[in-house]
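One structure below.
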Amino acid sequence: MEYLSIIPATALGFLTLKATTHPQSRIRQKLPNIKTRRVQVFPVIRFYFFGRVIHLHHWINFSILLILSIFVTGNILDYVVTKGLLLGGIIQGLSLPGEHRKIVYKDFSIDRLTSTTPPLPRRRL
C-alpha cells in the first residue's frame with residue numbers, strides 16, 4: 001500500500017520540473033545564474049572544457065540519486081515520496097526531444113546557452 005504513494009509523487013515531480021526547467025518559464029527566468037569562468041552551478045550544471053560545454057541535465061543527476069537510493073538507507077533518499085519525485089524528474093527530462101538532451105555542446109558560449117531570449121536569425125549573404 002505504501003507504493004501507491006509513488007504515483008502522485010511522480011506526477012508532482014514531473015509537473016514541477018516541467019514548469020521550472022524550461023528556459024522560457026517565468027520561474028526559471030527569475031532564478032539567478034551562478035557561474036564562474038568555466039563552471040555554472042545554478043540553475044543548471046555546466047562545465048567548460050577544451051572548447052566544449054558539458055551540461056549535466058537534471059535527469060542525469062536524478063538518475064544517479066535514484067540509483068544511490070537503492071543502496072543507501074536511513075536518509076531522505078529512502079522515502080518512497082522522494083523516489084517518486086526523482087522518477088518524475090527523470091521521466092520529464094527524457095520526454096523532451098533528442099536535441100534538448102545533448103550533453104556536450106560544440107558551441108562553447110555559456111552566455112548563449114544560458115540566455116532566455118531566442119537567438120537572432122542568421123543573415124544570408
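By the rule that hydrophobic residues join a cluster once side-chain heavy atoms approach within less than 4.5 Å of another member, Leu77 and Val81 end up as members of separate clusters. Linking ILVMFWY residues whenever their side-chain heavy atoms come closer than 4.5 Å, directly or via other members, places Ile60 and Leu68 in the same cluster. Cluster annotation: Ile70 and Ile64 are assigned to distinct hydrophobic clusters (Ile/Leu/Val/Met/Phe/Trp/Tyr, side-chain heavy-atom contacts under 4.5 Å, transitive). Residues Leu31 and Val41 share a single hydrophobic cluster, defined by chaining ILVMFWY side chains whose heavy atoms lie under 4.5 Å apart.
Atom CD of Gln40 is separated from atom OH of Tyr48 by 15.0 Å, given to the nearest 0.5 angstrom. To the nearest 0.5 Å, the span separating CD1 on Ile103 from CZ on Arg101 amounts to 10.0 Å.
Checked by atom type and distance alone, the side chain of Arg28 pairs as donor or acceptor with a backbone atom of Thr21 at under 3.5 Å.
By the side-chain contact (heavy atoms from CB on, under 4.5 Å) test, Leu15 pairs with no residue at all, sequence neighbours left out. Under the side-chain contact (heavy atoms from CB on, under 4.5 Å) criterion, Pro32 pairs with Phe42, not counting sequence neighbours. Applying the ring pair (Phe, Tyr, Trp, His ring centres under 6.0 Å) criterion to His55, with sequence neighbours excluded, gives His57. Every residue two or more places apart in sequence or in another chain that forms a side-chain contact (heavy atoms from CB on, under 4.5 Å) with Thr16 is listed here: Leu12.
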Residues 86-96, side-chain donor-acceptor partners within the protein, below 3.5 Å, at least two apart:
from, atom 1, to, atom 2, distance (Å)
Gln92, OE1, His58, NE2, 2.8
Ser95, OG, Ile91, O, 3.4
Ser95, OG, Gln92, O, 2.7

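Proximity of Val53 to Phe47: side-chain heavy atoms (C-beta onward) are nowhere separated by under 4.5 Å. With contacts defined as side-chain heavy-atom distances shorter than 4.5 Å, the pair Val39/Lys35 does not qualify.
A pairwise comparison of heavy atoms in Gly84 and Ile6 identifies CA-CG1, 3.6 Å as the closest pair.
Identified under the side chain to side chain donor-acceptor pair (under 3.5 Å) test for residues 61-85, with sequence neighbours left out: none.
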Exercise for review: Could you walk me through whether Leu85 and Phe62 pass side-chain contact (heavy atoms from CB on, under 4.5 Å), step by step?
Suggested key: CA-CA 9 Å; Leu85 292 172; Phe62 287 179; over 6 Å; no
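Summarising the local packing, CD1 of Ile76 is surrounded by 12 or fewer heavy atoms from other residues, nucleotides or ligands at distances under 6.0 Å.
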